[in-house]
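To keep things clear, I will list the structure first and then write my remarks on it.
Order of listing sets the numbers, starting from 1, for every ligand and every atom in it.
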Amino acid sequence: MAKYVYDFTEGNRNLKDLLGGKGANLAEMTNLGLPVPPGFTITTEACRHYLAEGAAPDGLDQEVEEHLRALEETMGKRLGQADDPLLVSVRSGAKFSMPGMMETVLNIGLNDDSVHGLAKQAGGNERFAWDSYRRLIQMFGKTVLGIEGDLFEDALDALKDGRQDTDLDAGELQHLVESYKRIVREQTGSDFPADPREQMRMAVMAVFDSWNAPRAVLYRRQERIPADLGTAVNVCSMVFGNCGGDSGTGVAFTRDPGSGRQGIYGDYLQNAQGEDVVAGIRNTMPLQELERIDKRSYDELLSIMETLENHYRDLCDIEFTIERGKLWMLQTRVGKRTAGAAFRIATQLVDQGLITMDEAVTRVTGDQLARLMFPRFDADAGKRRIAKGMNASPGAAVGKAVFSSERATELAAAGEDVILVRRETNPDDLAGMIAARGILTSRGGKTSHAAVVARGMGKTCVCGAEELDVDTAGGTFTAPGGVVVNEGDVISIDGTSGEIYLGEVPVVASAVVEYFEGAEPEDDLVRAVDRIMRHADATRRLGVRANADTPEDAARAVRFGAEGIGLCRTEHMFLGDRRQLVEDLVLAGTAEERQAALDALEPLQKSDFIGIFQAMDGRPVTIRLIDPPLHEFLPDIVELSVKAATGEVTDKDRALLAAVKRLHEQNPMLGLRGVRLGLVIPGLFAMQVRAIAQAAKEVPGARPEIMIPLIAAVQELEYVREEAVAILAETGVDALVGTMVETPRAALTAGQIAEAAEFFSFGTNDLTQMAWGFSRDDVEAAFFSRYLELGVFGVSPFETLDREGVGRLVAIATEEGRATRPDLKIGICGEHGGDPDSVHFCHDTGLDYVSCSPFRIPVARLEAGRAALSDTDSDTR
Ligand code: PEP
Ligand code: MG
């Protein structure tokens with residue numbers, strides 16, 4: 001029979017799939033002998049069953065009851081027992097951390113009777129008992145019963161009347177409980193459930209349901225977390241941080257998740273429950289101050305942090321509570337960190353002898369590297385600094401200030417850069433955070449929700465800028481000195497320093513980019529990147545090439561580590577002034593006209609190739625013969641038609657219009673392109689091959705590879721190949737002749753095609769277009785957002801290679817191509833060549849290289865190294 005419930009003593013850190021991250025790590029800490037309040041975890045499997053069937057699996061209730069009895073036995077009291085109640089928390093916990101996105105209910109087991117028992121337990125502390133009770137009704141009401149949270153907040157605010165919530169006394173809190181119960185009755189038509197077991201059962205189901213809350217769905221999409229994992233539910237005996245001055249709750253990191261530096265890093269809040277810290281409602285104190293307040297707990301915490309870091313061999317983050325001088329661990333996990341910290345920490349751990357260089361490579365990601373290549377503010381630019389907050393998530397962001405999530409989404413959709421300014425963020429702001437360039441808050445610490453989520457997304461964030469007076473309703477904030485910023489005013493925020501500037505500050509490239517450009521690694525971050533890149537290069541099997549069409553791009557690609565050019569798009573050489581020459585060629589009426597156009601193009605092509613061969617200095621250069629979507633090279637049909645209609649036409653215009661009409665295509669991406677054009681316009685491909693051969697002769701060591709685009713049948717390839725081989729033989733130049741595989745038919749007949757091709761390069765842009773039947777030019781704007789919303793795919797197949805469909809075509813073509821020609825060289829040159837997940841796919845499928853734009857090359861090198869080390873199920877997600 002399936003087992004749906006695990007005591008904390010039964011699990012371990014490797015059971016994240018089943019117990020979620022929180023449950024698995026609570027079990028791990030329990031087994032390490034750390035002070036974890038006893039409890040149990042209901043599995044993700046139970047959640048998946050509940051979500052699929054609309055009901056909990058058979059036997060779950062009974063299993064929960066058995067574990068609850070055992071817990072009651074351990075604790076020596078019963079759930080909600082009137083004179084001495086056991087209280088529990090019910091917390092979500094998925095495999096991948098989704099901070100604040102799902103639900104938690106604390107203090108389960110309280111009712112009108114047990115509230116007195118709780119006061120007695122707490123040495124007669126009535127205030128604490130009533131505060132705990134009102135928190136239960138509030139959380140339960142909002143989360144489980146679906147009541148608008150503001151109703152409770154408003155009642156609380158009215159009672160506080162400008163005071164802190166710690167200023168409320170027992171009588172006032174008891175009064176608040178009555179108000180809350182009234183709200184529940186009015187909103188649901190029923191009384192707040194007094195039965196503790198019923199409270200627990202309902203809370204568990206509500207946590208299951210919260211897996212599909214809109215913000216959780218959105219967060220998963222953003223973070224690429226699969227939608228079908230479900231969440232586990234942790235039922236944990238309550239410990240209280242809100243018992244008075246000798247109690248409190250906090251969050252700590254074993255190192256600085258911003259910089260990676262070792263040290264004491266965290267926030268502490270006296271006399272509070274955990275939700276108060278992460279919500280950023282009250283401003284916290286630095287963890288170091290705990291030493292002064294409660295030295296014994298502080299020392300114990302530091303020693304536990306050391307144990308955890310050595311055990312997990314990584315940065316851990318921790319939530320803890322102190323209940324009347326006794327320290328309890330409520331959570332740990334391998335902590336999220338900024339991109340820079342990820343590189344620093346990985347190499348620090350190597351130097352401490354905790355991990356190997358192989359592991360260090362798997363501890364960082366291509367996305368993190370890409371983030372380090374973002375620009376930062378120009379240090380020398382004139383800036384008008386108006387305030388400083390906390391440097392919560394690094395980067396430089398410039399945009400118009402907006403004060404609501406809705407407005408952020410709206411303006412971003414209209415193409416504006418915005419900075420979302422809030423007093424504090426809550427999880428409902430997620431859409432706005434995604435849409436914004438950066439996030440600025442006036443309250444909350446670095447562990448507040450805004451900071452954690454922004455770091456996870458790699459979005460610039462400055463938080464806790466207390467000097468700012470933010471009026472979200474009025475759409476304005478005021479900085480010291482009376483500086484007023486209204487909605488729409490441009491501000492610049494620096495997530496690395498926490499500075500806030502008025503107006504637009506110019507940005508400059510990152511030190512990491514300068515390092516890739518050839519600068520000596522000077523600071524510790526760049527040195528860490530350098531070490532990891534070298535190890536990734538030594539480890540990877542996949543080659544990395546560049547998509548580059550000019551000598552400048554080629555030279556940059558080499559500096560960034562490209563081992564060759566995998567795609568030189570020759571049609572890009574005909575843009576600008578030269579477009580006219582292509583137009584002349586396509587529209588040529590006679591053989592003479594055509595030859596004249598070709599003769600004009602050939603020397604230009606030759607000099608292009610010479611420049612590229614020189615820049616590549618003996619590395620292979622795959623040159624794709626021309627593949628222009630024809631409409632890009634012809635005069636605009638509408639313009640010509642208008643001209644004709646208004647009578648301002650010459651004979652030439654008339655001839656042009658007739659020709660353009662003849663060549664007009666409904667779907668040019670599927671029209672007269674690539675090899676098709678080569679076969680229709682005699683001499684075009686031959687001219688290019690001749691230019692390549694002659695250029696190669698002039699550059700010693702040049703290694704051209706000639707690539708034919710858009711092949712669907714081997715016969716097409718044979719025609720072109722024959723002609724190309726003859727020209728190469730004539731000129732005495734050695735070059736491979738191969739083909740792109742970018743039509744489904746080419747992939748499916750790869751065995752035949754390999755007879756005539758010495759290499760394949762997958763053009764996965766077109767292959768995706770044709771496999772899905774998605775027009776490359778139109779669909780993304782037209783309906784992809786709806787498709788993403790519906791979960792048809794989690795990420796655009798034009799961005800990350802669709803393994804099941806397009807990937808299968810690639811796998812078939814690779815296998816069948818190599819069956820014909822075992823030494824067939826195979827690469828990929830669609831946009832996917834620089835996408836981390838797609839790089840792993842290429843490694844797994846046995847391709848020889850990936851080719852991507854110069855700026856993505858470092859990412860591809862790193863991911864190729866990680867793919868070779870294969871264990872990339874990193875904890876740092
Ligand atoms: C492709 O189709 O993937 C490709 C690289 O060619 P292009 O993008 O130029 O069509
Ligand atoms: Mg293509």
Side-chain angles (χ1 to χ4, degrees), residues 544-550 553 557 562 564-575 582 621-633 665 667-678 685 688 705-713 716-717 720 738-747 750 753 757 759-780 796-803 805-807 809-810 813-814 825-835 838-839 841-842 845 847-854 856-857 860:
V544 177
R545 293 194 185 188
N547 293 356
D549 319 317
T550 64
D553 278 0
I565 288 182
L567 175 64
C568 171
R569 287 178 164 105
T570 53
E571 65 278 7
H572 287 181
M573 299 170 171
F574 295 122
L575 300 173
V582 182
V621 178
T622 306
I623 297 166
R624 178 178 73 183
L625 302 187
I626 193 166
D627 177 14
L630 216 45
H631 64 303
E632 290 177 13
F633 286 91
E665 294 173 328
N667 188 343
M669 274 298 182
L670 296 178
L672 185 56
R673 291 172 61 188
V675 70
R676 304 162 190 179
L677 195 67
F685 278 4
Q688 288 199 293
E705 300 173 344
I706 293 166
M707 180 155 77
I708 323 296
L710 222 73
I711 292 290
E716 294 170 304
L717 181 59
V720 182
T739 182
M740 296 196 67
V741 176
E742 51 187 341
T743 68
R745 194 180 186 284
I753 288 181
F759 64 89
F760 283 176
S761 179
F762 289 102
T764 44
N765 302 332
D766 277 310
L767 197 56
T768 300
Q769 155 167 273
M770 292 186 225
W772 281 85
F774 281 157
S775 157
R776 274 168 76 169
D777 292 341
D778 308 317
V779 289
E780 282 171 284
S796 159
F798 285 115
E799 225 175 275
T800 293
L801 193 116
D802 150 43
R803 291 180 181 235
V806 179
L809 288 169
V810 171
T814 301
K825 199 158 44 120
I826 305 184
I828 180 180
C829 62
E831 288 307 295
H832 305 92
D835 167 71
S838 313
V839 171
F841 169 82
C842 293
T845 311
L847 268 52
D848 295 304
Y849 67 87
V850 296
S851 187
C852 56
S853 68
R856 297 299 289 181
I857 284 171

Original post:
Side chain, backbone, both or neither: which part of His572 has a heavy atom under 4.0 Å from ligand 1?
Top reply: neither

**OP:** Give the contacting part of Glu831 toward ligand 1: side chain, backbone, both or neither, where contact means a heavy-atom distance below 4.0 Å.
**Re:** neither

**OP:** Write down the atom of Phe798, the atom of Gln769, and the distance for their closest heavy-atom approach.
**Re:** CE2-N, 3.8 Å

Original post:
What do we get for Met669 next to ligand 1 when only non-hydrogen atoms under 4.0 Å count, side chain, backbone, both or neither?
Top reply: neither

Original post:
Between the main-chain N or O of Ile828 and the side-chain N or O of Ser851, is there a donor-acceptor pair closer than 3.5 Å?
Top reply: no

Original post:
Can you list the ligand 1 atoms lying under 4.0 Å from a non-hydrogen atom of Glu742?
Top reply: 1 (C), 2 (O), 4 (C), 6 (O)

Original post:
Hey, is Met707 one of the residues with a heavy atom under 4.0 angstrom from ligand 1?
Top reply: no

**OP:** Could you tell me which atoms of ligand 1, counted from 1 in the order shown, lie closer than 4.0 angstrom to a heavy atom of Arg673?
**Re:** 10 (O)

Original post:
So is Arg776 in contact with ligand 1, going by heavy-atom distances below 4.0 Å?
Top reply: yes

Original post:
Which atoms from ligand 1 have a heavy atom of Leu567 less than 4.0 Å away?
Top reply: 5 (C)

Original post:
Does Asp549 pair with Arg569 as a salt bridge, N-O distance under 4.0 Å?
Top reply: no

Subject >> Top protein contact for atom 6 (O) of ligand 1, by heavy-atom distance >> reply: Arg624 NH1, 2.9 Å

Subject >> Expected output: side-chain Arg676 to main-chain Leu670 donor-acceptor under 3.5 Å >> reply: yes

Original post:
With only distance considered, is Asp766 within less than 3.5 Å of ligand 1 through an N or O on each side?
Top reply: yes

Original post:
Mind checking whether Ile753 and Ile711 have side chains closer than 4.5 Å, heavy atoms only?
Top reply: yes

Original post:
Is there a donor-acceptor pair closer than 3.5 Å between any side-chain N or O of Thr622 and the backbone N or O of Ile565?
Top reply: yes

Subject >> Atom of Asp766 closest to the Mg ion (ligand 2), considering N, O or S atoms >> reply: OD2

Original post:
Should Ser761 and Tyr849 count as side-chain neighbours, where that means a heavy-atom distance under 4.5 Å?
Top reply: yes

Original post:
How about Asp627: does one of its N, O or S atoms come closer than 2.8 Å to the Mg ion (ligand 2)?
Top reply: no

**OP:** Kindly give the atom name of the N, O or S atom of Glu742 closest to the Mg ion (ligand 2).
**Re:** OE1

Subject >> Salt bridge flag under 4.0 Å for residues Glu705 and Arg545 >> reply: yes

Subject >> For Arg569, the ligand 1 atoms whose distance to one of its heavy atoms is below 4.0 Å >> reply: 4 (C), 5 (C), 6 (O), 7 (P), 8 (O), 9 (O)

Original post:
Any sub-3.5 Å donor-acceptor pair from His832's side-chain atoms to Pro797's backbone N or O?
Top reply: yes

Original post:
Going by the order shown, which atoms of ligand 1 are within less than 4.0 Å of some heavy atom of Cys829?
Top reply: 5 (C)

**OP:** Find all atoms of ligand 1 within a distance of less than 4.0 Å from any non-hydrogen atom belonging to Met740, and give their numbers and elements.
**Re:** 4 (C), 5 (C), 6 (O)

Original post:
When you check the gap from the basic side-chain N to the acidic O, do Asp766 and Arg673 get nearer than 4.0 Å?
Top reply: yes

